2 protein chains.
Amino acid sequence: MSRFPFQRLQSELAELIARTPPGGRLPSEPELAKLLGVSRATLREAMRTFETQGLIRRRQGSGTYVVGRVSVFESGLEVLESLETLARRMGLSLRVSDLVVERVFANQELADIFASPLAMPLTRVRRVMWTEERPVAYLVDMLPEEVLKAEQLPDDFGGSVLDFLLDRGDPLTVARAAISAIGAPPDVAKALQIQRGDVLLHFTSRLYDTSGRVVDYALSYFIPGYFHFHVVRRVVANSR
Amino acid sequence: MSRFPFQRLQSELAELIARTPPGGRLPSEPELAKLLGVSRATLREAMRTFETQGLIRRRQGSGTYVVGRVSVFESGLEVLESLETLARRMGLSLRVSDLVVERVFANQELADIFASPLAMPLTRVRRVMWTEERPVAYLVDMLPEEVLKAEQLPDDFGGSVLDFLLDRGDPLTVARAAISAIGAPPDVAKALQIQRGDVLLHFTSRLYDTSGRVVDYALSYFIPGYFHFHVVRRVVANSR
DNA sequence: TATTCACAAGTTGTCAGACAAATTCTCGCG
DNA sequence: CGCGAGAATTTGTCTGACAACTTGTGAATA
C-alpha cells in the first residue's frame, strides 16, 4: 500500500480494470470516486493514465469501458514491475536459485553506462528464476556500490532488485529497456539448462532515478513462452 | 485545429514540450492554463498523458520538467510507426521484395482474433524487407476483406499496410504487440535466407480502430541487430 | 564571515461543487 | 407497434479553494 493517494489509486484502479471483463463498463465516475475515497478530479487523472495506455475507453454520456485485452496473464511493458510481482499477479510462484552477489569493477562499457570513472566498484547480482521445477529466466543486475552494497541484501532476498529498491524508498522514475533476441551464451545456457544457441528473449535495461542517474543496469534472459510481454502502441495522428 | 478542447490541448502541449530543451521547466500550471485557454483541471489531465508517456516529470512544490526526449523518441515501441518511417528516421532505406497479396479464409484462431465467423475472407499481405542487399524482416499482415481488398493496394506499395491505412484515413487508435523470441520456421528462414531455427525477434500485433475492432493482425519477424526496439517503462509502487 | 533557521512565495496535489454536452432510457402518443 | 419528447445518467470542463512540498531570502547565531 502506497503512501500517496495517486499511486494507491492507480493500483486499485488497475485491479478493478483487470477484474472487469473486456467490453464491460466501469462504475460511473462519481460512484468510483466515492468508492475509492478520492475526488472526481483526481480519479479522472488516474483514469487518463489508463486511457493513454489503451486499457479503457470513455464515451461521454455513456460510460467508461474496458477495452478487450488478450489475457490477464500478460504483462504490459509500459509499466515496470518485477518478475515476482508479475508472477504473483499471474498466480504463479517464482523461486530463486544460484544467487550470486559479488563485487566487480566497471570496465569501459559499464563506466559509460553509469557515467562513472573506470573501475568504479559495482555490486553484481546474478540469479536464476524458476517456476514449477523449471528455470525460466536468468537475471543479472549491476548497481553502483553507493546504491547497493552486497551486505544490504536481506537473507530472504526474493530475487527482485527492483522490489528491494522500491521498498527501501529509492526515488526511481523510469527504466529504458532494449529488446532483442539472442542465442543463449554458454554461461546463460548452463544456468537455464538449455543448449548453447537456443533462442532467448533478451532485455537490456537501464533504471533511472529522479536525478536522471542510472542506478541499475540489468540484463534479462527469458526462455520464450513462460512470460508474455506486450506493449500498447499508440497510433500517432498525421502532422498537420 | 481540432474540434475538441482536449485534442487541441494535447497537440499544443506536445509542441510546447518539444520546443523545451531536456531538463527545462515548463510554465506553472495556472500560467499554462491561462495561456492555453483551459481550466487547470483539464490542463492537468492532458499533462498526465505526457507524464504517462515519460515525456515530462512533475515535482510538487518545484515545477514540471521536460525529460530528455532522445530516449523516448528515438524508436520507442510506445509509438506505432511503420518500419519504413522508422528506417527513414534512422537514415536507412528499406526495399520490399517477394510481395504476395492473397485471399485466405479465417480458421478458428483467426476467427477468434477478429471476432468473426469461421471462413471469413481475409486479405493476407506477405513480404520481405531488405536493407543494403540483405533481408532483415519478414512481415505478414492479415486484414478482413471489408477493411482491405487485394486490388486496393497500389502498384507502388511500399511495404507498410499501416501507412496505407493511415493515409486512407482509417480511424485507427492503438495496436497491441506481443513480443517474443523464436527460432525461424522453415518458410520464414527461406524468405530471410537464414537457417531454420536461427534466432528471430517476433512481434504479434493486433491493430484496433475506434470501435475496438481488430482491423489488422500482423506477424513480424526481425533478424536481431538491424532494428533497435526499446520501451520506456514507468515505475509504479508495489501493490501489497 | 559562515552557518543555521524561520518564513514567505511559488508550485503541484487534492478537493468540492457546479454546469455543459452527449448518450441512453422512459413513457406517452399516434 | 413505432416514434419522438423529455428525463435521467454519464463524461467533459470550469471555478475556486486549500493542503503539501520546494526553494529562495534574510535575520539571527556561532
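Below, chain A is the first sequence line, B the second, and so on; all start at residue 1. The structure displayed is predicted, hence computed values, not measured ones.
- Distance A/Leu32 CG to D/dG12 P: 13 Å, rounded to the nearest Å.
- Looking only at distances, no side-chain donor or acceptor of A/His202 sits under 3.5 Å from a matching main-chain atom of A/Phe222.
- For the pair B/Ala41 and A/Glu29, both in contact range of DNA chain D, the more 5′-proximal nearest nucleotide belongs to A/Glu29.
- A/Glu109 has its side chain within reach of A/Tyr217: a pair of non-hydrogen atoms, C-beta onward, lies under 4.5 Å apart.
- A donor-acceptor contact under 3.5 Å is formed by the side chain of B/Arg40 with the base of C/dG13.
- Taking every side-chain heavy atom of B/Arg44 into account, C/dT14 is the closest of C/dT11, D/dT11, C/dT14.
- No donor-acceptor contact under 3.5 angstrom links the side chains of B/Thr49 and B/Thr52, judged on distance only.
- Comparing C/dT14, D/dT13, C/dT12 by their nearest atom to the side chain of A/Thr42 picks out C/dT14.
- Across all non-hydrogen atoms, the minimal contact from A/Leu9 to A/Leu43 is CD1-CA, 4.0 Å.
- For the helix from C/dT1-D/dA30 to C/dG30-D/dC1, the end axes, each set by the C1' atoms of five terminal pairs, are bent relative to each other by 10° (nearest 10°).
- Two residues, A/Ser39 and B/Gly61, neighbour DNA chain C, and the one matched to the more 5' nucleotide by heavy-atom proximity is B/Gly61.
- Distance, B/Leu36 CG to D/dT13 C1': 15 Å, rounded to whole Å.
- The main-chain N or O of B/Thr42 is never found under 3.5 Å from a side-chain atom of B/Glu45 such that the two would form a donor-acceptor pair.
- One atom, CD of B/Glu45, and another, P of C/dT12, lie 17 Å apart when rounded to the nearest Å.
- Atom CE in B/Met47 sits about 12 Å away from atom C1' in C/dG13, given to the nearest Å.
- For the pair A/Leu43 CG and C/dG17 P, the computed distance is 16 Å after rounding to whole Å.
- For the pair B/Gln60 CD and C/dT11 P, the interatomic distance rounds to 14 Å; values are reported in whole Å.
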Worked verdict on A/Phe229 versus A/Phe203 for ring-ring contact (aromatic ring centres under 6.0 Å, His included): CA-CA 11 Å; A/Phe229 299 103; A/Phe203 290 177; 5.0 Å; yes
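- Among the nucleotides D/dC21, D/dT11, C/dT24, the one closest to any side-chain atom of A/Ser62 is C/dT24.
- A cation-pi contact, defined as under 6.0 Å to the ring centre and within 45° of the axis, links B/Arg59 to B/Tyr65.
- Taking atom CZ on B/Arg58 and atom C1' on C/dG10, their separation rounds to 16 Å, with Å as the unit.
- Here A/Arg59 reaches the OP1 or OP2 of C/dT24: one of its side-chain N or O atoms lies under 4.0 Å away.
- Straight-line distance from the CG atom of A/Leu26 to the P atom of D/dT10: 12 Å, rounded to whole Å.
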